[in-house]
Amino acid sequence: MRGYYFITDASLSRAGNISDVQNAVISGVEVVQYRNKTANTHELYKEARLLREICKNTIFIVNDRIDIALGVCADGVHLGQEDIPCSVARNILGKNKTIGVTVSSLEEALRAQEAGADYLAVSPIFSTGTKSDAGIPVGVDLIKKIRKIISLPLVAIGGINLENAGQVILAGADAICAISCVVTKPDIGKEIEKIRNLFLKYGKLNPEVV
């Protein structure tokens, strides 16, 4: 899990989730997470099914909803601290599905690793308006602390942009999600490429697997 980690946000998008994901996949992102906090279950299922088709060769993760993930044969789910426990999700989904967990402290990171998480989303790194319940910024120091003792891939999320992404990468993040500075722009692929180039700049990404 390297480079840019794509999360949908219809409220910020210029063109909508379907178009955004199509462009993200064309740009070569490794992971797409479908997150939609306003749609009802039927709407979630319909859109997730369409996105699953687009992401045939891309890891497709559904935020929060294990039922939707199972219904569309997603590759896994992403869980917050107030969602169903990771260990329970693992029992439901089985060992071959990918489970990510959002963490905001070293203690949460250790618990998630012990519960069987495949990767961790450290959030929010900086102040963000994208997620209203994101909480107090944890800063890049938390990435450094987690990186020292945990080998799971780390995705940094929250208030990240081209100006501060470098320090996030240097702190030890394997991937970055910067929603507002990508989906609000006319050329999503171009913005994703700018962030991936930062990984190359700081020697954190092999050019052959960009």
Side-chain angles (χ1 to χ4, degrees), residues 1-9 12-15 17 19-35 51-52 54-63 74-78 97-103 109 112-113 117-126 128 130-131 138-140 142-144 146-147 150-210:
M1 192 168 290
R2 301 279 179 179
Y4 188 82
Y5 180 105
F6 188 86
I7 299 179
T8 64
D9 192 322
L12 291 175
S13 173
R14 292 169 64 104
N17 288 337
S19 177
D20 287 353
V21 171
Q22 286 173 332
N23 284 298
V25 168
I26 290 171
S27 75
V29 297
E30 183 180 339
V31 183
V32 167
Q33 182 192 134
Y34 174 48
R35 186 170 77 187
L51 296 179
R52 166 75 281 186
I54 297 169
C55 297
K56 287 180 179 178
N57 300 308
T58 303
I59 298 171
F60 182 61
I61 303 293
V62 175
N63 181 261
D75 297 300
V77 295
H78 187 87
K97 295 293 186 180
T98 299
I99 299 178
V101 177
T102 296
V103 300
Q113 177 177 245
D118 294 295
Y119 72 91
L120 305 178
V122 186
S123 174
I125 304 302
F126 306 110
T128 176
T130 302
K131 197 167 183 286
V138 298
V140 296
L142 181 59
I143 299 174
K144 295 176 183 178
I146 294 174
R147 180 79 294 161
I150 287 178
S151 59
L152 295 176
L154 303 181
V155 180
I157 302 176
I160 301 171
N161 53 46
L162 290 172
E163 286 67 43
N164 59 31
Q167 57 184 296
V168 178
I169 294 168
L170 290 174
D174 298 291
I176 280 177
C177 177
I179 299 174
S180 61
C181 73
V182 170
V183 302
T184 60
K185 302 299 174 60
D187 190 337
I188 284 178
K190 183 178 179 180
E191 300 307 315
I192 290 173
E193 189 65 20
K194 289 178 182 178
I195 292 174
R196 286 197 300 215
N197 284 339
L198 290 175
F199 279 89
L200 294 173
K201 176 181 178 180
Y202 294 108
K204 300 293 184 178
L205 195 64
N206 184 339
E208 295 181 359
V209 296
V210 172

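Numbers for residues simply follow the sequence, beginning at 1.
Looking at Ile150, Thr102, Val155 one by one, the single match for side-chain contact (heavy atoms from CB on, under 4.5 Å) with Leu120 turns out to be Ile150. Paired with Phe6 under the rule side-chain contact (heavy atoms from CB on, under 4.5 Å), one option of Thr58, Val31, Asp20 passes, and it is Asp20.
Atoms CD1 and NZ, from Ile61 and Lys97 in turn, are 9.0 Å apart once rounded to the nearest 0.5 Å. Atom NZ in Lys185 sits 12.0 Å away from atom CD1 in Ile192 (nearest 0.5 Å).
Residues satisfying the ring pair (Phe, Tyr, Trp, His ring centres under 6.0 Å) criterion with Phe126, sequence neighbours excluded, are absent altogether. Scanning for side chain to side chain donor-acceptor pair (under 3.5 Å) contacts around Asp118 gives Arg90, with sequence neighbours left out.
A heavy-atom distance below 4.5 Å is found between the side chains of Val25 and Cys55. Counting only heavy atoms from C-beta outward, the side chains of Gln33 and Ile59 never approach each other to under 4.5 Å. Residues Ile176 and Leu198 fail the side-chain proximity criterion, which asks for heavy atoms closer than 4.5 Å.
The minimum heavy-atom distance between Pro153 and Met1, with the atom names listed, is CB-CB, 4.2 Å. For the pair Ala112 and Val103, the tightest heavy-atom approach, listed with the atom from each and the gap, is CB-CG1, 4.3 Å. Nearest heavy atom pair, residue His78 against residue Tyr119, reads ND1-OH, 2.8 Å.
In this structure, Asn164 contributes its side chain and Gly159 its backbone to a donor-acceptor pair below 3.5 Å. Under the 3.5 Å distance criterion, the side-chain polar atoms of Asp174 are left unmatched by any main-chain donor or acceptor of Arg2.
Electrostatic pairing of Arg14 and Asp187 does not count as a salt bridge here, judged by no charged N lying under 4.0 Å from a carboxylate O. Checked for salt-bridge contact, Glu193 and Lys190 miss the test: no charged N lies under 4.0 Å from a carboxylate O. With respect to the salt-bridge test (charged N to carboxylate O, under 4.0 angstrom), the residues Asp75 and Arg52 qualify.
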Practice item. Report the C-alpha separation of Thr8 and Ser13 in whole Å, then their side-chain angles, then the decisive distance to 0.1 Å, and conclude whether the side chain to side chain contact (heavy atoms under 4.5 Å, CB included) test is met. Key: CA-CA 8 Å; Thr8 64; Ser13 173; over 6 Å; no
Review point. Going through the distances and angles, do Asn63 and Ile7 end up as a side chain to side chain contact (heavy atoms under 4.5 Å, CB included)?
Key: CA-CA 9 Å; Asn63 181 261; Ile7 299 179; over 6 Å; no
Review point. Should Arg35 and Ile179 be marked as a side chain to side chain contact (heavy atoms under 4.5 Å, CB included) after you check the CA-CA gap, both sets of side-chain angles, and the distance that decides it?
Key: CA-CA 11 Å; Arg35 186 170 77 187; Ile179 299 174; 3.4 Å; yes
